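Let me begin by presenting the structure, written as structure tokens, before commenting on it.
All values derive from a computational prediction rather than experimental measurement. Chain identifiers are assigned alphabetically (A, B, ...) following the order of the sequence lines, protein sequences preceding nucleic acid strands; residue numbering begins at 1 within each chain. All values below come from the heavy atoms of this structure, side chains included, with hydrogens, waters and symmetry mates left out.
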2 protein chains.
Amino acid sequence: MKELRPAAVRELLTHLERLPGIGPRSAGRLVEHLLTCAPDEPARLGEALVTLRERVRLCSTCFLLTEEDPCPVCSDPERDRSTILVVESPTTAWPVEATGEYNGLYHALLGHLSPLHGVGPEDLTIDQLLQRARGEGVREVILATNPTVEGETTALYIARRLEPLGLTVSRPASGIPVGGEVSAVDQVTLAQALQLRRRV
Amino acid sequence: MKELRPAAVRELLTHLERLPGIGPRSAGRLVEHLLTCAPDEPARLGEALVTLRERVRLCSTCFLLTEEDPCPVCSDPERDRSTILVVESPTTAWPVEATGEYNGLYHALLGHLSPLHGVGPEDLTIDQLLQRARGEGVREVILATNPTVEGETTALYIARRLEPLGLTVSRPASGIPVGGEVSAVDQVTLAQALQLRRRV
């Protein structure tokens, strides 16, 4: 049995397989694509990778990804400073913003509470959130952590810590995804959707 | 609604989303990983991408990926030169070789026949295969194209063109994957597995 994979392929494969969601088979397919795509494409992807790490950092206020600190949201005088929407991961703010329904501020926790993995409150940006919530004019904190066990736990923990401040603390509704099928929705979501039913 | 994704992130996302099997969501997850992993990792991945394109090419005889031409298999005096195993894609030779069951030569077609997508015999390395098959000492050609409509068509086409040479032309068996469940196998595969049944 011979090693058929050239050294440069093996080197790239070890890097690719470290990426989340990429197993040996998809890494192989990526290598094939990268060998057959436009000749300058891999180099341009390589440059974009280096630039990313050089330019992008976390906003020191809200922890969204940004090239300037404070980020464009935190420094925008047009945003509604009375509301802070809390997400687990900075990139979750992107689809929220894309709805066009939200004009307040954001706060990324950089994860969720997970005692099993040794992630406690001090590993997230919860203290920074509390400090912001104590600031002038803040009236509502929307806890848009994921509706998973960890996300719910994190939301509950933060809600309890926000309690003394007397703010409105809310959570987005869970329910049947628009365009989805009732029969395809899990029991827990369906139960939530029924509890949150609205008159038509 | 604001553009929350920094320019360097958008640039990387456009490159990532061009890769096969990577949609907007997995691209987002990759960006997050690349921003939080070891600081030198993205640059090392970038280098590996550039090196790949500089060093790796196709063997001019068998069209496997290689850094030297002819490739290590074609130039190895220990390989059995009487057998050529034909694969659609160069990387498919890797798992075949990893079985340790095969010691012959390879030939990558660089695709399969697909009239709908305008891929005819002249777009593959079929002529080169025929030329090799005519060479001295070749006795068997194993057509290990995928057991898909396109792969079967390609195998049939090549088998017909090889016919005048009087070689053994074979195809790997289709059947129930080892470790799989009989009930999980599709009808066509199951029918093949039954036809190819062996006495125990």
Side-chain angles (χ1 to χ4, degrees), chain A residues 1-9 11-12 14-16 18-22 26 28-35 37 39 41-58 64-67 71-73 76 79 89-91 93-94 97-100 102-103 106 110, chain B residues 1-9 11-12 14-16 18-22 26 28-37 39 41-58 64-68 71-73 76 79 89-91 93-94 97-100 103 106:
Chain A
M1 189 186 351
K2 226 185 180 67
E3 176 54 79
L4 294 189
R5 300 169 306 167
V9 169
E11 170 73 12
L12 181 56
T14 58
H15 289 287
L16 289 176
R18 256 176 237 156
L19 300 175
I22 303 207
S26 42
R29 232 176 302 136
L30 284 174
V31 167
E32 260 178 65
H33 170 84
L34 291 163
L35 280 165
C37 64
E41 183 59 25
R44 289 175 61 199
L45 171 56
E47 269 163 51
L49 283 163
V50 174
T51 311
L52 178 82
R53 253 332 242 264
E54 281 169 3
R55 291 227 209 116
V56 178
R57 72 205 101 163
L58 298 174
L64 292 197
L65 301 179
T66 181
E67 294 189 20
C71 76
V73 176
D76 183 349
R79 304 290 293 210
S89 134
T91 57
W94 305 346
E97 184 73 8
T99 64
Y102 184 69
N103 192 40
Y106 291 98
L110 308 183
Chain B
M1 190 187 346
K2 228 187 179 67
E3 175 56 76
L4 294 189
R5 299 168 307 166
V9 169
E11 169 73 13
L12 181 57
T14 59
H15 288 289
L16 288 176
R18 256 177 239 155
L19 300 175
I22 302 207
S26 42
R29 232 176 302 136
L30 284 174
V31 166
E32 260 178 64
H33 170 84
L34 291 163
L35 280 165
T36 51
C37 63
E41 183 58 24
R44 289 174 62 198
L45 171 55
E47 268 164 51
L49 283 164
V50 174
T51 311
L52 178 82
R53 253 332 242 266
E54 281 168 3
R55 291 228 207 115
V56 178
R57 71 205 102 159
L58 298 173
L64 292 196
L65 302 179
T66 181
E67 294 188 21
E68 314 105 52
C71 76
V73 175
D76 183 350
R79 303 290 293 209
S89 135
T91 56
W94 305 345
E97 184 73 9
T99 64
N103 192 40
Y106 291 99

Residue part contacting chain B, namely of A:Thr91, when any heavy atom lies under 4.5 Å: both
Among the listed options B:Pro39, B:Ala43, B:Cys71, B:Ala93, the residue most often paired with chain A at heavy-atom distances under 4.5 Å: B:Pro39
N/O donor-acceptor pair under 3.5 Å between B:Glu32 side chain and A:Ser89 backbone: no
Contact winner vs chain B - A:Leu4, A:Val56, A:Val9, heavy-atom pairs under 4.5 Å: A:Leu4
Most contacts with chain A, counted as non-hydrogen pairs under 4.5 angstrom, among B:Gly28, B:Ser26, B:Ala7, B:Gly21: B:Ala7
Heavy-atom check, side chain of A:Pro42 versus side chain of B:Val50, under 4.5 Å: no
Minimum-distance pair of heavy atoms, taken over all atoms of A:Pro20 and B:His33: CD-CG, 3.3 Å
Distance in Å, A:Leu49 CG paired with B:Glu47 CD, rounded so as to fall on 0.5 Å steps: 11.0 Å
Side-chain heavy atoms of B:Arg5 within contact of A:Leu65, under 4.5 Å: no
Top contributor to chain B contacts, counting heavy-atom pairs under 4.5 Å, from A:Thr14, A:Leu58, A:Asp76: A:Asp76
Engaged part of A:Leu52 at the chain B interface, taking heavy atoms whose separation is under 4.5 Å: both
Interface moiety of A:Tyr102 toward chain B, non-hydrogen atoms closer than 4.5 Å: neither
Partner chain B: residue of A:Met1, A:Arg55, A:Arg53 with the largest heavy-atom pair count (under 4.5 Å): A:Arg53
With sequence neighbours excluded, residues passing side chain to side chain donor-acceptor pair (under 3.5 Å) with B:Arg18: A:Glu41
Value rounded to 0.5 Å, distance of SG in B:Cys37 from NE2 in A:His15: 11.0 Å
Non-hydrogen atoms of B:Ala48 and A:Glu11 that approach each other most closely: CB-CG, 4.1 Å
Option in A:Leu30, A:Asn103, A:Thr99 with maximal non-hydrogen atom pairs under 4.5 Å from chain B: A:Leu30
Residue pair A:Leu12 / B:Leu45, side-chain heavy-atom distance below 4.5 Å: yes
A:Glu97, part contacting chain B, at a heavy-atom distance under 4.5 Å: both
Inter-residue atom distance B:Thr36.OG1 - A:Leu110.CG, 0.5 Å rounding: 9.5 Å
Straight-line distance of B:Leu19 CG to A:Leu34 CG, nearest 0.5 Å: 6.0 Å
From CD1 (A:Ile22) to CZ (B:Arg29), nearest 0.5 Å: 10.0 Å
For A:Thr51, side chain to side chain donor-acceptor pair (under 3.5 Å) partners two or more places apart: none
Between A:Leu64, A:Leu35, A:Val73, A:Thr66, the one whose heavy-atom pairs under 4.5 Å with chain B are most numerous: A:Leu35
Distance-minimising heavy-atom pair for B:Ala8 and A:Glu67: N-OE2, 2.6 Å
Test item: A:Pro72 and B:Lys2 side chains (from C-beta on) under 4.5 Å apart, heavy atoms: yes
